[in-house]
Amino acid sequence: MKILFKLFFLAFSFIWFSNIAKAEVTYSCWNCMTLDSDGEGNPNNALKDFNAAAPNVKLVAVQYPYGDYIQTLPLSMRSGTSDDLMAFQVGSMLSTYAEYLEDLTPYAEKEWGANWKDKFLSVGIEQTTVNGKLVALPQVMSAAGALWYNQTIFDKFNLSVPTNWDEWISVSNTLKDNGVVGFMHGAKDSWINYDMFIGIANEVDPGKVYEAEAGNISWTHESLVKATSLWGEMFSNGIMQEGALGNAQYPDVHQAFTSGKAAMMTMGTWNNYSTFTNSGLNGSKESYGFTEDFKYGITGLPDMNGDGKHGRLFASPDVSIGMSASSSNKEEAWSALKVIIENLQSTYAKDLWVSSMTGVPFDLSDATSDFAKEALNYQLGMANNTYGKREFIYSEIKTALGDAMQNVAVGDMTALEAMEMVEKASQSVKR
Amino acid sequence: MNLNKSNVRDILYILPSFIFITIFFFYPIGYIFGISFFDWNGVSQNKSFVGLENYKNFFVDPIALKALKNQILWGIITIFSQMFLGLSMAILLRSKVRFKIVYKVIFFFPNIISIVVVAYIFNKIYDNNFGELNYFLEMIKLNILSHPWLGDPDTALYCLMVANIWQWSGFSFLLYHAGLTQINEDLYESARIDGANIFNIVRSIVIPLLKPTHIALLILGIIGTLKTFDIIYLTTRGGPARSTEFLSTYVFQAGIIEFKASYASTIALMIVLIALVLTTIQVKAYSRD
Amino acid sequence: MLIGQDKKTTIISQIILTFLAIIFSLPILIMLKISFVGKGFINNYLQVLRFDYTFKFFYNSLIVSFFTVLIVLTLSILTAYSLSKLKPIAKNTFFNLILIGLMVPGVSLIVPIFLLFLKFNLFKSYLAMILPISAGIIPFAILLFKNYMDNIPNDLIEAAKIDGAGPLYILRKIILPLSYSIMVVVIIWTFLMTWNDYSTALFFVRDKELLPVTHLPNYFNMATMAAGNIPDYGPFFACLVLISLPIMLVYLFLQKFIEDGVTAGASKN
């Protein structure tokens, strides 16, 4: 009897303790980077790698549509029912939620030592630090501002990829005359418009847009006004497709470009997977219903300030992950976070994400062709030499800029008037 | 003595519903009324009291004004179009046409399907480069009319109105169909004897006698207009250049996207206020008959 | 006759109606066309039907719809009866206040109700959906019932009262049997609104197992890993078509009653 009881007690404790050892860490995201499970409970790629790297931690990641995610996040935060880990965009989103997030500095120092910052790209860490507090760690970076082009189409019509503004206009119009959309842009989506603006502004006069955001110069600075008016001209000089304001970057532009109906678009490194890997491209082919193997290439925006060089990229963490300050298992959450951020970089590299950590190149094993590899290496080179960041911190400026760009695009405002509106918003910001 | 007791007892029937409505409507109204006096981003533990500043900003806000204008335009055009189409369908279906049930189903079906479907369909139809509308125009050689429908601030709102009218005409149809069954047919006979044709009859008999239906549709139409959100959010999101922005979408934009929860509450209260005013006018007109 | 019953009028009417019907059915045809895209018609639908959660979500929607209809019917009939045939104190005030319930835009209700549910910990139960949706429909249902009941002649009621019948008896034996058509209307309308509801579940349901069928399309996105959630059109639309099937069936079945019913809510003597 006694022996039975002891055995039972042992078995019970064993089960109980192993369950404790397998603490559950919850993570909510709008793009879970395959850290979640598919509809049948099978772990997706990154989750498989996670389980291998951290067998003692059970990660439960749930992906929500972006619109749903940002609507429910404030509710869960304020009620203390948020998940242990959460995904954020840097900029105003992260600043707003900063007060509910755990300062990760002590964890980082304990994990990686006093020089932990050296392990990360500085442009990433800068943007996940709010008022000196490290509120999140960047998972992967996204560098935007590149000009993506379909070499196959250019070859077909004997054209070369535009290297300056005038060429951009003539090439786009020629393509249009030949029944192909030249440069396609999803002007309905404010985020790609911001990318476009930052790209043009930096090409016209590097860095000025950041100074204006910081309040050091006025938004009515001539380079920014010039950038705005160039933006406006794109809608009438034939560069952009007709009705750009009614198209979304995803799925409209992505579909048109990938399936060969549009020859150029501006995109960033987050789009690499669906275009340059076999698995990604096959998925696109299946959903969009095309079969041709196009040659896609990457360069910078055409030269607009006459220095003979094309534009560069600008980057922000695509997804950064923070820990809830009211989490009940912070240690496990940190172990999970550490694995997600550090150990899985090679997983992300396979899907052609730009790593947030230093010294992690692309994993080109699934690249579609040599042409693709060339394009990717060129892009990676550009990503290591950025103008600066991609996200705005102040939502007032973001809103005003969004309105300004739309008003100029439809001709309701001149570039100067638009920038005056943004400057007014900028001055209302409490810096 | 007896009268008083039963009057109180009769309230018990109303109480459960009223409790529901108090919890789910009056309490929230009180809540958002409260936070409209602060400056709060909807997330933070901190908020600062700013008194009437949100209200002041609302009245000088060009976007709010534009949104209101858009909504008024929308209301007038959609409500009357639906009523016109609904009444026409109802009248036509009183003739001896065949397959009446097919028509009834087709006209009411748009009312049934999810707004997500409606939005996706119309997004696709209106697409400038690959959409059915422009494709159709090209096919019948009317290329010049080919247009970036949802991308042009001058046309976007009207295009969405089409979607709305498509979706809700069936509802007006149903109400009018019923209303017509209640009119005494003899009135038509005597009018015909006097030499009236269908248009005279409709104008002088049908329309006046359908007044209760008109008013019901107006009330529901106004409230529906003020609450319109999904169709805009799923297609143009208020653009381009705020040409399809409504107060209801503005509430969402300000509250969720821009982290200005207090201002969003102010706007929401304004919507309730407008609804209140307009509905009271309607109800007064209704009870006067 | 309102409109001529002669051949000429009939033909003209038929032509106009057919023209309208074609225009009205175009968007639906386009919707069906899209569900053929990609992997093909059968595969798209099969993909949806094979998905883990499809039947669970349908089941959840059924449960929520059933109980919502129950609550809405019960509460609105009682209230409408009182407002129409009885003499409660401040009858008009109550009625006007109830109408206000129709006017509040949904977005502004999220936070306060969320806080309420938080206090009573309702997030992991069907109530999280049933309660708010019921609250949203009750004012409209009361409106419909009250108008209909106003049209029921009072002599029947007076006769019953003389025989000593109490108000509940009158409700059960006289009013309700005469109100079947409007009841069917309210049932259909409530079912429609509940079945198509998306945002209530979005804000107030914190358990994946309890989601309604309107959230099903979210799981059919392309695996492009780019901006996160692009629908994979074929299965996505197959999904939307499947979601609208139950309502379509219900409508086809009962459209005769709707006719008699909805009308009654709007017309007066």
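As the structure is a computational prediction, the values presented were derived from the model and not from experiment. These values consider heavy atoms only, across backbone and side chains, with no hydrogens, waters or symmetry-generated copies. A note on names: the letters A, B, ... follow the listed sequences, proteins ahead of strands, and every chain is numbered from 1.
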Out of C:Ser244, C:Ser82, C:Ser76, C:Ala90, return the one with the most heavy atom pairs under 4.5 angstrom to chain B.
C:Ser82
Find out whether B:Lys96 and C:Ser13 are in side-chain contact, i.e. whether some heavy atom of one side chain is under 4.5 Å from a heavy atom of the other.
no
If you round to the nearest 0.5 Å, how far is CD1 of B:Ile106 from CZ of C:Phe24?
10.0 Å
Highest number of heavy-atom pairs under 4.5 Å with chain C among B:Phe252, B:Tyr176, B:Phe122, B:Phe109 belongs to B:Phe109
Among B:Ile91, B:Val251, B:Ile125, B:Leu226, the residue with the most heavy-atom pairs under 4.5 Å to chain C is B:Ile91
Select, from C:Ile11, C:Ile243, C:Leu26, C:Leu192, the one with the greatest count of heavy-atom pairs under 4.5 Å involving chain B.
C:Leu192
Rounded to the nearest 0.5 Å, what's the gap from CD1 on B:Ile14 to CD1 on C:Ile98? Could you check?
6.0 Å
Between the CG atom in B:Leu15 and the CG atom in C:Leu78, the distance rounded to the nearest 0.5 Å is 11.0 Å
Distance col, row B:Arg9:CZ vs C:Lys87:NZ, nearest 0.5 angstrom, shows 11.0 Å
At a 4.5 Å cut-off on heavy atoms, which part of C:Thr18 comes close to chain B: side chain, backbone, both, or neither?
both
Proximity breakdown for C:Ile30 and chain B, heavy-atom pairs closer than 4.5 Å
side chain
Quick check: does any side chain N or O of B:Tyr13 sit under 3.5 Å from a backbone N or O of C:Tyr81, one acting as donor and the other as acceptor?
no
May I ask you to decide if C:Leu86's main-chain N or O and B:Asp10's side chain share a donor-acceptor pair within less than 3.5 Å?
no
For B:Leu85, is it the side chain, the backbone, both, or neither that has a heavy atom closer than 4.5 Å to a heavy atom of chain C?
side chain
I'd like to check the salt bridge (charged side-chain N to carboxylate O under 4.0 Å, His left out) partners of B:Lys227; sequence neighbours left out, ordered by chain and number.
none
Residue part contacting chain C, namely of B:Asn111, when any heavy atom lies under 4.5 Å
both
Structural part of C:Ile71 lying under 4.5 Å from a heavy atom of chain B
side chain
Under 4.5 Å from any heavy atom of chain C - which part of B:Ser169
side chain
The interface call for C:Thr9 against chain B, heavy-atom contacts under 4.5 Å, is neither
Heavy-atom side-chain proximity of B:Leu92 to C:Ile16 below 4.5 angstrom:
yes
Count the heavy-atom pairs under 4.5 Å between each of B:Ala163, B:Ser95, B:Ser88 and chain C, then report the option with the highest count.
B:Ser95
Could you state the interatomic distance from OH (B:Tyr31) to CG (C:Leu116), rounded to the nearest 0.5 Å?
11.0 Å
Do you know which of C:Ser199, C:Ser25, C:Pro27 has the most heavy-atom pairs with chain B at a distance under 4.5 angstrom?
C:Pro27
Side chain, backbone, both or neither: which part of B:Leu276 has an atom under 4.5 Å from a heavy atom of chain C?
both
Per-residue contact mode, C:Ile138 against chain B (heavy atom under 4.5 angstrom):
side chain
C:Leu168, C:Asp197, C:Leu17, C:Ile77: which one forms the most heavy-atom pairs within less than 4.5 Å of chain B?
C:Leu17
Applying salt bridge (charged side-chain N to carboxylate O under 4.0 Å, His left out) to B:Lys124 and not counting sequence neighbours gives B:Glu132
Looking at side-chain heavy atoms only, is the closest gap between C:Thr79 and B:Phe18 below 4.5 Å?
no
Answer with side chain, backbone, both or neither: which region of B:Arg98 has an atom nearer than 4.5 Å to a non-hydrogen atom of chain C?
both
Would you mind checking which part of C:Leu20 comes under 4.5 Å of any heavy atom in chain B, side chain (CB onward), backbone (N, CA, C, O), both or neither?
both
Validation row: B:Phe26, C:Leu97 side chains within 4.5 angstrom (heavy atoms):
yes
By a 4.5 Å heavy-atom criterion (distance strictly below it), what part of B:Pro110 contacts chain C: side chain, backbone, both, or neither?
side chain
Hey, what's the ring geometry for B:Phe24 with C:Phe117, parallel, tilted or perpendicular (30° and 60° as the breaks)?
perpendicular
Under 4.5 Å from any heavy atom of chain B - which part of C:Ile110
neither
Just wondering, do B:Ile115 and C:Tyr198 contact through their side chains at under 4.5 Å, heavy atoms?
no
Can you say whether B:Ile21 sits under 4.5 Å from chain C via the side chain, the backbone, both, or neither, judging by heavy atoms?
side chain
Using heavy-atom distances under 4.5 Å, tell me whether B:Ile11 contacts chain C through its side chain, its backbone, both, or neither.
both
Does any backbone or side-chain atom of B:Val206 lie under 4.5 Å from a heavy atom of chain C? Answer side chain, backbone, both or neither.
side chain
Which atoms of C:Leu115 are under 4.5 Å from chain B, going by heavy atoms: the side chain, the backbone, both sets, or neither?
side chain
So what's closer than 4.5 Å to chain C heavy atoms on B:Ser17: side chain, backbone, both or neither?
both
State, yes or no, whether a side-chain contact exists between B:Phe25 and C:Ile113 at a heavy-atom distance under 4.5 Å.
no
